[in-house]
Participant: 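Submitted below is the structure of interest, expressed as structure tokens.
Computed from a prediction, not measured in an experiment: that's the story for all the values here.
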Amino acid sequence: MRKLLPVVGVNGASASHPGGRSAMTCRFRCGDACFHEVPNTSTNEYVGDVIATALSRRTMMRAAAVVTVATGAGAAVVTPAAAGTTDTGTAADAPAATAAKQGKAARGLRFAPVAPNTTDAVVIPDGYQQNVVIRWGDPILRGAPAFDPENQTAKAQAGQFGYNNDFLALLPVPGERGRQILVANHEYTDEVLMFRGYDPANPTREQVEIAWAAHGLAAVVVEEDKRTGKLTAVPRHHLNRRVTATTEFRITGPAAGSDLLKTSADPTGTKVLGTLNNCAGGTTPWGTTLHGEENFNQYFANSSRATDKRYGIGTGASERKWERFDKRFDVAQEPNEVHRFGYIVEFDPYDPTSTPRKHTALGRFKHEGATIRLTADGRPVAYSGDDERFDYLYKFVGSKRMKQGTSRAVREHNLSLLDEGTLYVAKFTGNSPAIEIDGTGKLPSDGEFDGSGEWIPLATATADGAVSHVDGMTAEEVFVFTRLAGDKVGATKMDRPEDVEPNPVSGKVYVALTNNSNRGVGSNAKADEANPRNANKHGHILELTERWNRPESTTFAWQLFLVAGDPNDPATYFAGFPKDQVSPISCPDNVAFDPHGNLWISTDGNALGSHDGLFGVATKGERRGELKQFLTVPNGAETCGPIVQDRRVLVAVQHPGEIDGASVENPKSAWPDGEGKIVRPSVVSVWAVDGSDIGV
């Protein structure tokens, strides 16, 4: 067993910043959220890192040891393995396991795992190839010019692929064989890496308007090379589209038209310009995409209200100073504009003339994304996490059934499915007596950390109006101040609930909880059965099973599935699979499923000393818990938006080179185009050299 070492920063990350994130990433992506007061000051029960070993008695016998969780969550640094990589971005096999489990890996995971490394490249397994599908600034609309980093304009950027691609979706193009529509979120901008000589204290109007145009969404048709699996963008296709911070959106659902959403520019409370900080998302069974407005708070300035404080909205100037150029970003001048962000956005990639929608029935908070599972009678159930320390897990159960077909009337009906139904928030309960939870991570007498849960109704929206289920709050207030509604009903505090995805094979729901280093610090909540250690630097994943496996159920069972960190740390757990045969993983963020039902996890802020990456893990059978790293991303980058098809894996490489001290003049990465070229967030496609399916 390797000796555990203390945690160190990654790529120059300040020791004061959580995980492996740089201070620059914290500053531009979430407005230094981790360094502000925790917005949730309620006294609700807390769920976080359900850490240490959710081992059944049978698993404990197999392991021949009771695994405990170290108090303080000490973590290991994995020695970087850059020497084990080749110049082509391919990694050598990981070290052989000391006690190899017999048999093949799960179907879909039969590849040589990439070793942890700090290589400034997208590193993939032997036997695979890759290409950059599209980069920030590549023209996608008719008339858009080629990217020129020294002469950017807002008009040009509005016709080019946006910045910091996050969520990705691929949808078929009817009648065009070998082509798909790639839909991407453009979460945020890092002006220091975009503009030469950028002055954060004095941005120019042109720089601000370029940033507005670089936010939002993009739809671009991509074409497959049948011989290689390579994907390339098809510029000027009629389905290509850009949505920016100034595109008109329609507000729908129970809060549309509310006095809380009316502004001087929109006295109807039904129209808003733009979408901001779109993080993850989802695709719908009716052929649209969903996008979560996450850290929207950082764009607004000069707040003074308690409701704004609960959402982390600052009292002074914003980082980007947009309020200097548009009063809607100044809460003191336009107090309701901020109430028009923090929703799930629905986008129709098949109609370039359609107006995207913001669905208020799914609540207002820092949505990581939203994913859909249909009930047996065709009603949508949408799961969503609120990506903040100590905030909540939600689901929305629709009351209208999806219709089949592609007519305009059918599509319009289906676009309204997320406007009527009930919004719920989750409460978790452990199975063991509180006296058995001593804060050290010692297992309770039943041998595992698990329990039950309930979905607490917050409000119900119908075609005739909406009804609140929260004492002291109107329905409109519930849908606009959803965090406060969760506080009032005693929802369970969680550790940055990010992507929430139902497994299309089993129906089980997987919740990625990225981390929370504030666990047990000061007056913050301490250990309970679901939180047996007092820090959570590496995050974890919970597995929920809805009662009768019906997504509309109001109760569920939960258990620990994966606890991230170095496998040699006794505080880690991989669904009972031998820990000497798994890859180290830290800070799970976005998740996806392959056609075989394996869970794929992208990471954000790896606190183990190596780069972020993409991992596959089996969710069933004897190989359940076998986790293998498929790729790593370049210096300073985060892995986002994974898509795992039969023959292809796509990832969004977000904020490459975003390392403290970096700038256009002083780059910290040469990816993707080499030395002397500006660093550009991009989408990457990976496929097997021999043309076979991924991992088979």
Side-chain angles (χ1 to χ4, degrees), residues 88-89 122 124 127-147 156-163 165-186 216-243 281 283-284 287-289 291 347-354 406 592 594-595 600 614 630-631 640-654 671-673 680-695:
T88 59
V122 174
I124 59 178
Y128 287 81
Q129 291 182 336
Q130 61 177 294
N131 80 295
V132 174
V133 179
I134 192 166
R135 299 162 170 79
W136 163 50
D138 284 349
I140 62 174
L141 302 187
R142 292 183 183 278
F147 180 60
Q157 177 65 86
Q160 298 167 336
F161 196 66
Y163 199 77
N165 34 227
D166 196 305
F167 168 74
L168 302 175
L170 277 174
L171 300 170
V173 179
E176 298 188 30
R177 190 173 181 181
R179 288 183 169 182
Q180 300 177 81
I181 307 174
L182 175 67
V183 181
N185 284 356
H186 298 298
L217 314 173
V220 55
V221 171
V222 293
E223 189 167 35
E224 178 182 3
D225 183 330
K226 293 293 186 181
R227 296 170 300 170
T228 65
K230 178 180 179 180
L231 285 181
T232 55
V234 181
R236 298 182 296 280
H237 193 281
H238 72 277
L239 289 177
N240 290 1
R241 188 178 182 187
R242 277 300 321 283
V243 171
T283 58
T284 69
T288 62
T289 55
H291 310 265
F347 173 72
D348 185 352
Y350 294 106
D351 183 0
T353 67
S354 63
T406 59
D594 65 20
W600 288 68
L614 179 67
F630 183 77
L631 61 75
C640 296
I643 298 174
V644 187
Q645 299 179 315
D646 288 320
R647 297 185 57 226
R648 178 182 299 108
V649 171
L650 264 75
V651 293
V653 180
Q654 194 186 71
W671 192 86
D673 296 321
R680 300 166 71 180
S682 305
V683 177
V684 172
S685 176
V686 182
W687 64 92
V689 174
D690 63 6
S692 62
D693 286 355
I694 299 295

Participant: Could you check whether any side-chain N or O of Arg242 sits under 3.5 Å from a backbone N or O of Leu217, counting only pairs where one atom can act as donor and the other as acceptor?
Facilitator: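 It does hold such a pair.
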
Participant: Kindly give the heavy-atom pair with the smallest separation between Ala233 and Val220, and that separation in Å.
Facilitator: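 Where Ala233 meets Val220 most closely, the heavy atoms are CB-CG2, 4.0 Å.
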
Participant: Using 0.5 Å steps for rounding, measure from the CG atom of Leu614 to the SG atom of Cys640.
Facilitator: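 Answer rounded to 0.5 Å: 11.0 Å.
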
Participant: Got Leu171 and Thr289 here, is their nearest side-chain heavy-atom distance under 4.5 Å?
Facilitator: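 Sidechains of Thr289 and Leu171: in contact.
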
Participant: Distance from Leu650 atom CG to Ser685 atom OG, nearest 0.5 Å?
Facilitator: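 Spacing of CG (Leu650) from OG (Ser685) equals 4.5 Å.
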
Participant: Between Asn185 (side chain) and Gly281 (backbone), is there a donor-acceptor pair under 3.5 Å?
Facilitator: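 No; zero donor-acceptor contacts below 3.5 Å.
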
Participant: Considering all heavy atoms of both residues, which atom of Val686 and which atom of Tyr128 are nearest to each other, and what is their separation?
Facilitator: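 That would be CG1-CB, 4.0 Å.
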
Participant: Do you know which two heavy atoms are closest between Tyr350 and Pro174, and how far apart they sit?
Facilitator: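 For Tyr350 and Pro174, the tightest heavy-atom pair comes out as CE2-CD, 3.7 Å.
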
Participant: Between Leu170 and Val222, does the side-chain contact (heavy atoms from CB on, under 4.5 Å) criterion hold? Intermediate values first, please.
Facilitator: CA-CA 9 Å; Leu170 277 174; Val222 293; 3.9 Å; yes

Participant: Show the nearest heavy-atom pair for residues Thr288 and Phe347, with the distance to one decimal.
Facilitator: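 In this case the closest contact between Thr288 and Phe347 is CB-O, 3.3 Å.
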
Participant: Side chain to side chain contact (heavy atoms under 4.5 Å, CB included) with Glu224: which of Arg647, Arg179, Lys230?
Facilitator: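 Going through the options one by one, the only one that passes is Arg647.
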
Participant: Side chains of Trp671 and Val122, heavy atoms from C-beta outward: is any pair under 4.5 Å?
Facilitator: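 Yes, their side chains come closer than 4.5 Å.
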
Participant: Would you give the length of the straight line joining atom CD1 of Ile140 to atom CZ of Arg236, rounded to the nearest 0.5 angstrom?
Facilitator: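 The CD1 atom of Ile140 sits 11.5 Å away from the CZ atom of Arg236.
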
Participant: What is the distance from atom NE2 of His237 to atom CD of Glu223, rounded to the nearest 0.5 Å?
Facilitator: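 These two atoms lie 9.0 Å from each other.
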
Participant: Looking at residues at least two apart in the chain, or sitting in another chain, which of them share a side-chain contact (heavy atoms from CB on, under 4.5 Å) with Pro145?
Facilitator: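 Scan of Pro145 (side-chain contact (heavy atoms from CB on, under 4.5 Å), adjacent residues dropped) gives Ala156, Gln160.
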
Participant: Between the main-chain N or O of Leu141 and the side-chain N or O of Asn240, is there a donor-acceptor pair closer than 3.5 Å?
Facilitator: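 Checking the backbone N and O of Leu141 against the side chain of Asn240, no donor-acceptor pair under 3.5 Å is found.
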
Participant: Output the distance between atom CD1 (Ile134) and atom OG (Ser682), rounded to the nearest 0.5 Å.
Facilitator: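 Result: 9.0 Å between the selected atoms.
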
Participant: Does Gln157 reach the main-chain N or O of Phe161 with its side chain, forming a donor-acceptor pair under 3.5 Å?
Facilitator: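 A pair under 3.5 Å: yes.
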
Participant: Compare all side-chain heavy atoms of Pro672 with those of Arg135 and state whether any distance is below 4.5 angstrom.
Facilitator: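 When only atoms from C-beta onward are counted, Arg135 and Pro672 do touch, with a gap below 4.5 Å.
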
Participant: Using a distance-only test with no angle check, is there a side-chain donor-acceptor pair under 3.5 angstrom linking Gln645 and Trp687?
Facilitator: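 Absent: no donor and acceptor within the cut-off.
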
Participant: What heavy-atom pair brings Leu168 and Ala652 nearest, and what distance separates the two atoms?
Facilitator: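 That closest heavy-atom pairing would be CD1-N, 3.6 Å.
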
Participant: State, with a plain yes or no, whether a side-chain heavy atom of Val651 is found less than 4.5 Å away from one of Leu631.
Facilitator: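 They are in contact (side-chain heavy atoms under 4.5 Å apart), so the answer is yes.
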
Participant: According to side-chain contact (heavy atoms from CB on, under 4.5 Å), who are the partners of Asp351, at least two apart in sequence or on a separate chain?
Facilitator: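 Expected list: Asp348, Thr353, Ser354, Arg408.
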
Participant: Can you check whether Gly216's main-chain N or O pairs, donor with acceptor, with His186's side chain at less than 3.5 Å?
Facilitator: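 Side chain of His186 to backbone of Gly216, a donor-acceptor pair under 3.5 Å: no, none is there.
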
Participant: How long is the straight-line distance from OG1 of Thr232 back to CG of Asn131, given to the nearest 0.5 Å?
Facilitator: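 Spacing of CG (Asn131) from OG1 (Thr232) equals 7.5 Å.
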
Participant: Shortest non-hydrogen contact from Pro595 to Asp646?
Facilitator: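 Minimum heavy-atom contact is CG-OD1, 3.1 Å.
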
